[in-house]
Number of protein chains: 2
Amino acid sequence: MKDYYTPGEIAERFDLTLDTLRYYEKAGLLRRVDRAPSGHRRYRTDDVELLHLIRCLRDTDMPIARLREFAELVRSGDHTIPERLDVLQEHKNRLDARIAELIDRQGAIEHKIDYYLGVLSDRAAQTAHTLKDEN
Amino acid sequence: MKDYYTPGEIAERFDLTLDTLRYYEKAGLLRRVDRAPSGHRRYRTDDVELLHLIRCLRDTDMPIARLREFAELVRSGDHTIPERLDVLQEHKNRLDARIAELIDRQGAIEHKIDYYLGVLSDRAAQTAHTLKDEN
DNA sequence: CCTTGACCTGGAGTGCGCTCCAGGTCCCAT
DNA sequence: ATGGGACCTGGAGCGCACTCCAGGTCAAGG
């Protein structure tokens with residue numbers, strides 16, 4: 001448990017580029033991060049925690065703008081927990097719907113694959129049959 | 001069963017704009033579509049069928065470029081079925097992985113929601129307790 | 001004949017989320 | 001003191017998938 005992390009460490013840990021990390025900061029997803037005397041960023045444990053959630057929400061396609069709103073709520077203090085809940089619950093609803101849609105399409109694609117496999121095996125059977133007749 | 005469909009009908013049926021439909025044609029997802037003497041497009045049943053699959057693949061985030069490759073295979077005739085299968089199977093693998101990832105994140109988000117709900121109910125209990133003491 | 005509505009064209013513009021770059025600073029090891 | 005590596009800044013650029021637009025054609029209805 002260190003009390004700070006370097007940009008490189010954070011980038012590695014969350015599989016983000018340094019550019020993306022700075023972009024997130026500019027976009028208001030992270031607060032203005034602490035600096036070493038050299039000017040280099042020093043991320044604290046709660047930056048890491050928030051980034052963890054941000055990563056999770058981004059991975060599930062929450063837009064940057066919405067993420068910024070959420071981050072602002074976090075920065076505004078504990079009294080915003082009900083609003084944060086609203087954001088998360090609405091996002092979860094979207095996500096549930098998206099997952100359901102993907103699973104539905106997954107079925108359709110499997111069906112198409114099976115159809116093509118059928119065509120191929122019919123064709124193979126046909127060829128075998130023809131060869132047999134010819135021999 | 002009509003033998004052709006107008007752009008408006010297709011757009012409505014697949015919930016696409018006319019612009020997107022034309023864009024797909026330009027991008028090579030559809031062949032050069034038939035025209036009425038007026039110059040208006042006339043979509044045939046096999047355009048509709050292909051569009052159905054295209055919609056399904058786009059909805060699951062297959063990039064336009066890959067879709068164009070697939071469409072070219074379709075246009076090249078039945079002997080490309082093995083290659084089409086490759087495309088579909090590879091896409092299905094991606095999709096399976098994506099669904100698994102989303103479900104994983106879904107769990108994490110639920111967890112966070114539960115955490116916030118816990119904070120709120122603790123806080124409510126605390127308030128009730130305080131009120132009780134004061135009365 | 002005139003309007004309306006569906007559609008046409010080529011090409012420019014948009015929004016999103018990064019991603020890249022030039023030129024610079026700081027610090028450490030050789 | 002020199003070189004390398006990690007990081008800094010502001011701002012430009014990019015890839016994707018549309019989306020919009022101006023100006024036009026055509027067929028049907030009143």
Side-chain angles (χ1 to χ4, degrees), chain A residues 2 4-44 47-48 50-51 53-71 91 94 98 101 105, chain B residues 2 4-44 47-48 50-51 53-71 91 94 98 101 105:
Chain A
K2 304 160 56 164
Y4 70 82
Y5 300 85
T6 66
E9 285 166 348
I10 296 291
E12 159 112 61
R13 174 152 173 185
F14 290 102
D15 194 27
L16 296 170
T17 65
L18 295 179
D19 272 320
T20 301
L21 223 35
R22 284 189 290 258
Y23 167 71
Y24 281 0
E25 190 176 332
K26 269 191 220 169
L29 271 51
L30 270 36
R31 69 179 217 300
R32 275 301 183 209
V33 169
D34 296 344
R35 300 305 177 105
S38 65
H40 290 195
R41 286 173 178 76
R42 297 282 104 116
Y43 294 90
R44 298 184 321 218
D47 295 317
V48 173
L50 182 53
L51 258 171
L53 185 51
I54 285 172
R55 231 323 186 186
C56 178
L57 296 173
R58 264 310 290 143
D59 281 352
T60 51
D61 300 317
M62 182 179 288
I64 298 289
R66 195 107 181 92
L67 233 14
R68 195 197 49 239
E69 288 169 24
F70 184 82
H91 182 66
R94 284 185 186 288
R98 178 65 177 148
E101 189 194 11
R105 301 291 183 265
Chain B
K2 306 160 58 165
Y4 70 83
Y5 301 84
T6 66
E9 285 166 347
I10 296 291
E12 158 112 62
R13 174 153 171 185
F14 290 103
D15 195 28
L16 297 169
T17 66
L18 296 179
D19 272 320
T20 300
L21 224 35
R22 284 189 290 259
Y23 167 72
Y24 281 0
E25 191 177 331
K26 268 190 222 171
L29 272 51
L30 270 36
R31 69 179 216 299
R32 274 300 183 209
V33 169
D34 296 344
R35 300 306 178 103
S38 65
H40 290 196
R41 285 173 179 77
R42 296 281 105 114
Y43 294 90
R44 299 186 319 218
D47 295 319
V48 173
L50 182 53
L51 258 171
L53 184 51
I54 285 173
R55 230 327 185 186
C56 179
L57 296 174
R58 265 310 289 141
D59 282 352
T60 51
D61 300 318
M62 182 180 287
I64 297 291
R66 195 107 181 91
L67 234 11
R68 196 198 49 241
E69 288 170 21
F70 184 83
H91 182 65
R94 283 185 185 289
R98 178 64 176 149
E101 188 193 13
R105 302 291 183 265

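So you know, we letter chains A, B, ... as the sequences are listed, proteins then strands, and number each from 1.
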(message) Among residues 34-43 of chain A, which ones have heavy-atom contacts with DNA chain C below 4.0 Å?
(response) A:Ser38

(message) What I want to find out is whether B:Arg31 reaches B:Glu25 closely enough, with some N-O distance under 4.0 Å, to be called a salt bridge.
(response) no

(request) Taking B:Arg66 for its side chain and B:Phe70 for its backbone only, find out whether a donor-acceptor pair lies under 3.5 Å. (result) no

(message) Any non-hydrogen side-chain atom of B:Tyr24 less than 4.5 Å from a side-chain atom of B:Ile54?
(response) yes

(message) Quick check for you: to the nearest 0.5 Å, what is the distance between A:Leu67 atom CG and A:Leu29 atom CG?
(response) 4.5 Å

(request) Indicate yes or no: does A:Arg98 engage B:Asp61 in a salt bridge with an N to O separation below 4.0 Å. (result) yes

(request) With the side chain counted from C-beta on, respond yes when A:Arg42 and A:Arg35 share a heavy-atom pair under 4.5 Å apart, and no when they do not. (result) no

(message) Please enumerate all residues that pass salt bridge (Lys or Arg N to Asp or Glu O under 4.0 Å) together with B:Arg13, with sequence neighbours excluded.
(response) none

(message) Between B:Leu21 and B:Phe14, is there a side-chain heavy-atom distance shorter than 4.5 Å?
(response) no

(request) To the nearest Å, give me how far apart CG (A:Leu21) and P (C:dG17) are. (result) 17 Å

(request) Let me know, please, whether A:Arg22 or A:Lys26 comes out on the 5' side of the other along DNA chain D by nearest nucleotide. (result) A:Arg22

(message) Within the structure provided, determine whether B:Tyr5 and B:Asp47 are in side-chain contact (heavy-atom separation under 4.5 Å).
(response) no

(request) Tell me which residues in residues 7-19 of chain A put a heavy atom below 4.0 Å from DNA chain C, sorted by number, or none. (result) A:Asp19

(request) Could you tell me from which nucleotide to which nucleotide of DNA chain D, 5' to 3', there is an atom under 4.0 Å from chain B heavy atoms? (result) D:dA17 to D:dC26

(request) Supply the atom-to-atom distance A:Arg58 CZ to A:Leu16 CG, rounded to the nearest 0.5 angstrom. (result) 10.5 Å

(message) Can you list everything that forms a salt bridge (Lys or Arg N to Asp or Glu O under 4.0 Å) with B:Asp59? Sequence neighbours excluded, please.
(response) A:Arg105, B:Arg55

(request) Might you point out which heavy atoms bring A:Ala11 and A:Leu18 nearest each other, and give the distance in Å? (result) CB-CD2, 3.9 Å

(request) Identify, residue by residue, the members of residues 55-69 of chain A with a heavy atom below 4.0 Å from DNA chain D, and return them in order of residue number, or none. (result) none

(request) Report yes or no: do B:Thr60 and B:His91 form a side-chain donor-acceptor pair below 3.5 Å? (result) yes

